[in-house]
Amino acid sequence: MSLQHKLQETAQWIRARISVQPRLALILGSGLGVLADSLEQSVYLKYEDIPHFPVTTVEGHEGALVVGNLNGTPVAVLKGRFHLYEGYSEGTVAYPIRVMKALGIDKMVVTNAAGGINERFKPGDFMLIRDHINLMFRNPLIGPNEDSIGPRFPDLSEAYSKKLLQVARKVAAGQNLKLQEGVYVGMTGPTYETPAEVKMLRKLGGDAAGMSTVPEVIAARHAGMQVLGISCITNMAAGMLEQPLSHDEVVETAVRERDTFIRYMVQLIPQL
Ligand code: HPA
């Protein structure tokens, strides 16, 4: 079965179960999944029940597509995502994003937990992603191109929409929410970086490092979707503070900031 055929089957199955046309897709990172609970009139579709959909393996990354209204705006929330470090292929990581596009959605907000590389950042900050550096050395578009999805050689000169960034800045200013901005560096993980790598990433122009987002954004841009990316700086990257990193710390910080995150997203989403 061709990829396009599979996508259509998945999209049809989802469409038969939802009553709104989502305007925007939202991917929620570690500790930020609770936003899905703020949806009204929502339909909860477990990944394992959705035809051709991959299923998540990591603890703390629940897998469900939740479709409903967020402050009056119909959205499709991917609660739980697929990481390369879990052993998924790039195509698998891209699949849910392509399904969003097949559902007629052309905007995506992607959130993640990331380690701060920029010395001005502190744990608990949110960072608007202005651009990324792909140090995963992998790309979901390698292989035969599916022309019905997008072009062979997609342009990434505006991977993160300038227009959506403007809206994100404006809404944050209105809430007196101070946001950082910067370059997200995509690493495969699952190890955190070494202190030497963190120094290198800073020299390369990185502001935060994480293990997701880049393949998803590439898949979204390929399909012509506009992207807004937001990182929760859950920790300072390795070697910046005298303490080892742990997944618990990452999740704890994201959970601690979740009220701020929810307040921001609830106001932001309808304006995107
Ligand atoms: N490095 C990479 N990925 C991460 C980090 C980090 O420090 N924190 C959360 N995700």
Side-chain angles (χ1 to χ4, degrees), residues 10-47 49-50 53 61-81 96-113 126-129 160-179 181 213 216-217 219-221 223-232 254-272:
T10 307
Q12 249 166 37
W13 186 95
I14 294 168
R15 228 178 260 122
R17 283 159 183 79
I18 60 179
S19 52
V20 292
Q21 167 61 46
R23 209 164 64 66
L24 190 138
L26 183 55
I27 305 183
L28 298 177
S30 302
L32 302 174
V34 1
L35 183 63
D37 304 337
S38 309
L39 300 195
E40 286 142 24
Q41 290 119 29
S42 62
V43 176
Y44 191 95
L45 306 168
K46 283 192 204 152
Y47 289 163
D49 296 331
I50 307 177
F53 228 71
H61 293 272
E62 194 184 345
L65 171 65
V66 192
V67 182
N69 290 314
L70 185 66
N71 193 10
T73 299
V75 294
V77 180
L78 290 160
K79 190 178 176 188
R81 53 146 61 99
I97 285 78
R98 292 173 165 161
V99 169
M100 296 298 105
K101 176 69 184 192
L103 283 171
I105 299 173
D106 56 15
K107 281 187 192 133
M108 177 173 96
V109 178
V110 55
T111 66
N112 58 54
F126 286 94
M127 180 189 91
L128 294 177
I129 305 178
Y160 300 83
S161 160
K162 292 202 172 91
K163 204 169 123 217
L164 298 185
L165 275 167
Q166 277 300 357
V167 180
R169 287 184 191 113
K170 197 186 76 196
V171 172
Q175 293 192 345
N176 270 327
L177 173 65
K178 188 180 172 301
L179 292 180
E181 289 195 21
T213 302
E216 296 157 350
V217 171
R221 295 298 295 135
M225 299 169 87
Q226 300 221 307
V227 177
L228 177 71
I230 306 173
S231 294
C232 177
V255 168
R256 203 181 319 125
E257 297 305 323
R258 71 183 178 197
D259 290 346
T260 308
F261 177 70
I262 292 172
R263 197 177 328 121
Y264 181 50
M265 296 305 275
V266 163
Q267 226 194 346
L268 173 61
I269 297 287
Q271 301 197 44
L272 293 174

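Below, all heavy atoms of this structure are taken into account, side chains as well, without hydrogens, waters or symmetry copies.
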request  = Report the C-alpha separation of Leu179 and Arg169 in whole Å, then their side-chain angles, then the decisive distance to 0.1 Å, and conclude whether the side chain to side chain contact (heavy atoms under 4.5 Å, CB included) test is met.
outcome  = CA-CA 8 Å; Leu179 292 180; Arg169 287 184 191 113; 5.9 Å; no

request  = Take Ile27 and Val109, measure what side chain to side chain contact (heavy atoms under 4.5 Å, CB included) needs, and give me the verdict at the end.
outcome  = CA-CA 6 Å; Ile27 305 183; Val109 178; over 6 Å; no

query = Under the salt bridge (charged side-chain N to carboxylate O under 4.0 Å, His left out) criterion, do Asp37 and Arg258 qualify, and how do the steps go?
reply = CA-CA 12 Å; Asp37 304 337; Arg258 71 183 178 197; over 6 Å; no

task = Verify side chain to side chain contact (heavy atoms under 4.5 Å, CB included) between Ile14 and Leu45, making sure each step is shown before the conclusion.
result = CA-CA 8 Å; Ile14 294 168; Leu45 306 168; 4.0 Å; yes

ask   = Between Leu28 and Leu78, does a side chain to side chain contact (heavy atoms under 4.5 Å, CB included) hold up when you go through it step by step?
value = CA-CA 6 Å; Leu28 298 177; Leu78 290 160; over 6 Å; no

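Going from atom CG of Leu165 over to atom CD1 of Ile129 covers 9.5 Å, rounded to the nearest 0.5 Å. Between Met100 atom CE and Thr10 atom OG1 the span is 9.5 Å, to the nearest 0.5 Å. Here NZ of Lys178 is found 13.5 Å from CZ of Phe126. Values are rounded to the nearest 0.5 Å. Summarising the geometry, atom CD belonging to Gln271 is positioned 5.0 Å from atom NZ belonging to Lys170; distances are rounded to the nearest 0.5 Å. Within the model, atoms CD1 of Ile269 and CG of Leu228 stand 8.0 Å from one another, a figure rounded to the nearest 0.5 Å.
Salt bridge annotation for Asp49-Arg17: absent, with no cationic side-chain nitrogen under 4.0 angstrom from a carboxylate oxygen.
Taking both residues in full, the closest heavy atoms of Ile105 and Ala25 are given as CG2-N, 3.5 Å, listed atom of the first, atom of the second, then distance. Across all non-hydrogen atoms, the minimal contact from Leu32 to Cys232 is CD1-CB, 4.4 Å. In plain terms, the two heavy atoms of Gln267 and Gln175 that are nearest each other are OE1-NE2, 2.6 Å. Residues Tyr264 and Ala168 come closest through the heavy atom pair OH-O, 2.6 Å. Leu128 approaches Ile230 most closely through the heavy-atom pair CD2-CG1, 4.0 Å. Counting all heavy atoms, side chain and backbone alike, Ala36 lies closest to Val77 at CB-CG1, 4.1 Å.
A donor-acceptor contact under 3.5 angstrom links the side chains of Asn69 and Gln41, judged on distance only.
By the 4.5 Å heavy-atom criterion applied to side chains, Leu177 and Thr260 are counted as neighbours. At a threshold of 4.5 Å between non-hydrogen side-chain atoms, the residues Leu26 and Met265 count as touching. With a 4.5 Å cut-off on side-chain heavy atoms, Leu65 and Lys79 do not count as touching.
For Arg23 (side chain) and Leu272 (main-chain N/O), a donor-acceptor pair under 3.5 Å exists by modelled atom type. Put simply, the side chain of Ser42 never gets that close to the backbone of Val67: no donor and acceptor are under 3.5 Å apart. The main-chain N or O of Pro96 is never found under 3.5 Å from a side-chain atom of Glu216 such that the two would form a donor-acceptor pair. Remark: the backbone N or O of Ala64 is not paired with any side-chain donor or acceptor of Lys46 at under 3.5 angstrom. Not one N or O on the side chain of Asp106 forms a donor-acceptor pair closer than 3.5 Å with the backbone of Met225.
In this pair, Phe53 and Tyr47 present their aromatic rings tilted. The plane angle is within the 30 to 60° band.
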